[in-house]
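Here's the structure, in structure tokens; my notes come after.
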Protein chains: 2
Amino acid sequence: MTDTPHRRGADRTEAIMRATLELGQEIGYAKLSIEAVAARAGAGKHTVYRRWSSKGALLLDSLLSLNEPGLGYPDTGDIVADLRVQIYAAVDLLTRPPFGPLFQALIGEAQHAPQVATALNERFIAPQTARTVARLEAARDQGQLSPDFDLDLAMSILSGPLYFQLLITQEPLTHEYVDRILDALFTGMGPGHR
Amino acid sequence: MTDTPHRRGADRTEAIMRATLELGQEIGYAKLSIEAVAARAGAGKHTVYRRWSSKGALLLDSLLSLNEPGLGYPDTGDIVADLRVQIYAAVDLLTRPPFGPLFQALIGEAQHAPQVATALNERFIAPQTARTVARLEAARDQGQLSPDFDLDLAMSILSGPLYFQLLITQEPLTHEYVDRILDALFTGMGPGHR
DNA sequence: TGTCAAGTACGGCACGTGCCGTACCGATAA
DNA sequence: TTATCGGTACGGCACGTGCCGTACTTGACA
């Protein structure tokens, strides 16, 4: 079964995505070539191009293939604790190889490939955002947040600084940093402006 | 002056950076090639490679050459109003062509070119951040903010969501959005968590 | 159920193209 | 003279496509 040549369909798809992740981890996204991926997977270039229109599309599928969603998105009734669990999980994912570095490179690619940007948003960012907003909304409906609490803005304040550190300042993402953001969002910046 | 062949030094540097910005605006960063830049500038490729080690380094210099700092960073005594002016200016810069789109592409490039990332941080992000933090620090020293006000965290909350929209969700950056972030930071998320 | 022909996906190879980064050349300026 | 310049040529690499022979799948027919 393993040696049989000319396997088909999902078989090849998986082999190619696996090769993409392996090579990406070994040599980095920048040096990754479709030719090398095909060779590693024991596939022809046509087979790659038939399913993916670009290196970015291939990497996005490859990354999503190893992201198991549904882990760690609880609703215990404590909105802050639940959000902490969600965002810890997101930070862990963004940090852990091979997902983290390759995902970061994919965001980079998206900056000059609009199709990749759209796909990345629809298939990863938006669902992740939706889960957090849904949890916030539930808390608001249960009276734990004020009725005029701005869900989308809260979401941006939770996510923005994380991606800012990941993509711009390149400082490490830590759970402690997440705690500080949650503190600022829900209890304010110290006594704050006065 | 225009037709004289074999001009030297800073003359050539400026012509090459101008060609980079022109071509970048016309065809986008992804399709921009050193060869095309050299041709447009009437320069040899060697002259480009002598001064810049990569396309990213060239674009960074080109972009910085048209960013005139020192505009709109006032200290009127009103911290919120002053920050608003600063961040409006930053948003305008990030939005206005040719700077905006090319800068965005440069951040993308930085994701898989560490040297570009470092240079981008040192020569653009860090100075910008420092100005904002300095203004916040002055406000804290003057008693307008509480003594334990977290300057760096505030900076992240101000910048993060902006870059998140610019790089990830690709929604338009507006002054109104800046206002909402400032509101959240200095007056809290509605009555907020309770 | 068994056979076989048509259709499809495949691996492998070769091709032309575009851009890379380097090397060399003759011309021009300091 | 000497360093810098524009221009050109070069080898190398990866791109995306076309073609070929093979292996697998499908389904009609007996």
Side-chain angles (χ1 to χ4, degrees), chain A residues 1-20 22-24 26-62 102 105-106 108-109 112-116, chain B residues 1-20 22-24 26-62 102 105-106 108-109 112-116:
Chain A
M1 178 181 286
T2 312
D3 290 304
T4 310
H6 284 203
R7 288 165 299 178
R8 288 192 166 202
D11 234 12
R12 301 286 77 203
T13 299
E14 287 170 20
I16 291 167
M17 293 195 301
R18 198 176 321 122
T20 301
E22 286 176 13
L23 270 174
E26 291 172 15
I27 63 178
Y29 179 72
K31 294 185 181 178
L32 190 66
S33 71
I34 300 285
E35 295 206 352
V37 167
R40 169 74 65 104
K45 286 200 284 181
H46 271 304
T47 308
V48 180
Y49 282 112
R50 188 177 299 126
R51 292 194 232 280
W52 295 280
S53 57
S54 70
K55 199 167 80 165
L58 169 58
L59 182 62
L60 178 59
D61 273 352
S62 303
L102 290 177
L106 185 61
E109 182 80 1
H112 28 72
Q115 289 189 354
V116 174
Chain B
M1 180 182 288
T2 314
D3 289 305
T4 310
H6 284 205
R7 288 165 299 178
R8 290 191 169 199
D11 234 12
R12 301 288 78 204
T13 299
E14 287 171 20
I16 291 166
M17 293 194 301
R18 198 178 319 123
T20 301
E22 286 176 14
L23 269 175
E26 291 170 17
I27 63 178
Y29 179 73
K31 294 185 180 178
L32 190 66
S33 71
I34 300 284
E35 296 206 351
V37 167
R40 170 71 67 103
K45 287 201 288 180
H46 196 61
T47 308
V48 180
Y49 283 111
R50 186 179 303 125
R51 292 195 232 279
W52 294 279
S53 58
S54 70
K55 197 167 80 164
L58 169 58
L59 182 62
L60 178 59
D61 274 352
S62 304
L102 290 177
L106 186 61
E109 182 80 2
H112 27 72
Q115 289 189 355
V116 174

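A note on names: the letters A, B, ... follow the listed sequences, proteins ahead of strands, and every chain is numbered from 1. All values below come from the heavy atoms of this structure, side chains included, with hydrogens, waters and symmetry mates left out.
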Between [N] ([atom2]) and [X] ([atom1]): distance, integer Å:
X     : N      : atom1 : atom2 : answer
A:L23 : D:dA14 : CG    : P     : 11 Å
B:R12 : C:dA29 : CZ    : C1'   : 13 Å
B:I34 : D:dG6  : CD1   : C1'   : 16 Å
A:I27 : D:dC13 : CD1   : C1'   : 13 Å
A:L58 : D:dA14 : CG    : P     : 16 Å
B:I16 : D:dG7  : CD1   : P     : 12 Å
B:R40 : D:dG6  : CZ    : P     : 16 Å
A:Y49 : C:dG11 : OH    : C1'   : 16 Å

Between the side chain of [X] and the main-chain N/O of [Y], is any donor-acceptor distance below 3.5 Å?
X     : Y     : value
B:S62 : B:L58 : yes
B:T20 : B:I16 : yes
A:K55 : A:I34 : no

Of all the nucleotides listed ([options]), which has the minimum atom distance to the side chain of [X]?
X     : options                : result
B:E35 : C:dC20, D:dC15, D:dG6  : C:dC20
B:T47 : D:dT17, C:dC20, D:dG6  : D:dG6
A:H46 : D:dA14, C:dG12, C:dC20 : C:dG12
A:K45 : D:dG6, C:dC19, D:dG16  : D:dG16

>> Check this for me: A:Q115, atom CD, are more than 12 non-hydrogen atoms of other residues, nucleotides or ligands nearer than 6.0 Å?
In response: no
> Is the shortest side-chain N/O distance from A:R50 to OP1 or OP2 of C:dC10 below 4.0 Å?
Replying inline: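 Checking A:R50 against C:dC10: at least one side-chain N or O falls below 4.0 Å of OP1 or OP2.
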